[in-house]
Amino acid sequence: MAGRRVAIVGAGMTKFVRRALETGPELAWEAAHKALESCEMTLDQIDAVVLGSAPDAFDGVHMKVEYLSPGAGAWGKPTIRGYVGGGTGVFAAIQGWYHIASGMFDTVLVVCEEKMSSCHPHPQAAFNYIFDHTLERPLGPNLLWIFALEMNAYMTKYGLTKRDIAMVAVKNKRNAADHPAAQLGDPNITVEDVLNSEVLAWPVQRLDVSPTSDGAVAIVMAAEHVARRVTNKPVWVEGVGWSLDTQYWTNRDLSYPTYVEEAARKAYAMAGIKEPRKEIHIVEPYDPFDYKELHHLEGLLLADRGKAAELIALGIANRDGDMPVTPSGGLLGVGNPISAAGLMKVAEIFWQLRGEAGKRQVPGQPRRGLAQAWGDLMQVGTVIILGI
């Protein structure tokens, strides 16, 4: 890997739920405070701050980075905001890595916040403006029915059933029952519950979808000489990758996320990984819809095309399986404050590799994990690989 060695040394997370009483800066403060406290560091020891957040419209403000800066501890420090939709959380961690690997900074606080409940009547209204104003917006599209098209294309090409996909929602919501910050954890949910839930846009049903949420996550990143001083359990960034596909979703094969594969290959190359299925011990793929976990596992080259559902059906992806997938409960169970959800994936791998994931801890001692996020108009893939 080029540049200096970089580690994550601390992480913090708020509860993911509708937070009507707190502002975005207050949520950012809570996550940042917890992250710094976890590694016994103070803001005085932080050289720069990376902020991640999705559209300003969610919070109803302009210039979101200036709005969040006081809560995130960014006053008087170099600050940058990243935004690639749902891919933001992992990309923010990649930006933090760049700052330190470049040699310009020794420590970086990465904070991602989202307060979706402020957007009325629904956050979907903000998304309606991401479509091409000439070719697509006159059709009156929304993300939900575009995802329904993608889910249908995926199911049709590989002969998958709704039951095959519903098992992902069941696994993740049951896993989330053990997460202290979870919004929709349910230890008793069944496949039948998912299949009998409200149809939103066929084949997408209510329990196939993650909820809208408010929340924030923060991590502390440090150069090697600092990391070894502040902790005896640093978690190293071994590889990063990202890819941006065309925004014209009508021109792409919706059955396969090429942008995820390209991002994954870059991260694997940087980490020196030749056989991902053998060398990745735990994975947190982005799961705003249950089919997307399967989609992304295939894009990550952790399953053959059309075969990721077998990992769920055979128990391989269970928390105690050979390759645990989303042991946290993910977006489907913990919640989906968009940019914070991606950084949650990074924090979860950090906690798992340190053996600090509590009731959601996978057995044994995983030594390498992968976090992935996806965003914008189904076109961005972001991947980070962590190891001990």
Just by distance, no angles: are the side chains of [X] and [Y] close enough, under 3.5 Å, to form a donor-acceptor pair?
X	Y	answer
Y259	W374	yes
S213	Q183	yes
S328	E284	yes
Q205	K162	yes
T326	E293	yes
E114	S339	yes
E261	Y256	yes
D287	N172	yes

Near [X] [atom1], under 6.0 Å, is it more than 12 heavy atoms from other residues, nucleotides or ligands?
X	atom1	result
R265	CZ	no
H225	NE2	yes
R277	CZ	yes
K307	NZ	no

Do [X] and [Y] come close enough that some side-chain heavy atom pair is under 4.5 Å?
X	Y	answer
K64	E113	yes
V283	L300	yes
D208	V168	no
E348	W351	yes
L386	R368	no
W242	E262	no
M221	V50	no
D186	R174	no

Would you say [X]'s side chain and [Y]'s backbone share a donor-acceptor pair under 3.5 angstrom?
X	Y	answer
S197	V194	yes
S243	A263	no
E279	K274	yes
K345	P285	yes
R319	N175	yes
T88	S53	no
T14	A31	no
D214	M116	yes

Salt-bridged, [X] to [Y], with N to O below 4.0 Å?
X	Y	answer
K115	E22	no
R252	D245	yes
R206	D193	no
R19	E30	yes

Open item on the list: Before you tell me yes or no, could you show the steps for M13 and M344 under side-chain contact (heavy atoms from CB on, under 4.5 Å), namely the whole-Å CA-CA distance, both residues' side-chain angles and the distance that decides it to 0.1 Å?
Closed with: CA-CA 7 Å; M13 176 178 177; M344 173 192 71; 3.6 Å; yes
Task: Residue that, paired with F105, satisfies side chain to side chain contact (heavy atoms under 4.5 Å, CB included) out of K77, R4, H99 - done: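 Answer to the side chain to side chain contact (heavy atoms under 4.5 Å, CB included) test with F105 among K77, R4, H99: H99.
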TODO: Test the R305-Y158 pair against the cation-pi criterion, namely NZ or CZ under 6.0 angstrom from the six-membered ring centroid and within 45° of the ring axis.
DONE: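 So R305 doesn't make the cation-pi contact.
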Task: Shared-cluster residues of I46, by chain and number - hydrophobic side chains joined below 4.5 Å - done: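 Members alongside I46: V9, L36, M41, L43, V49, L51, V61, V65, Y67, L68, W75, L109, V111, V220, V226, V230.
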Task: Non-neighbouring partners of H295 that pass ring pair (Phe, Tyr, Trp, His ring centres under 6.0 Å), sequence neighbours left out - done: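 Counting only residues at least two positions away or on another chain, H295 forms a ring pair (Phe, Tyr, Trp, His ring centres under 6.0 Å) with Y154, Y291.
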- [ ] Take W249 and E150 through the side-chain contact (heavy atoms from CB on, under 4.5 Å) test and state the conclusion after the steps.
- [x] CA-CA 9 Å; W249 53 275; E150 184 178 64; over 6 Å; no
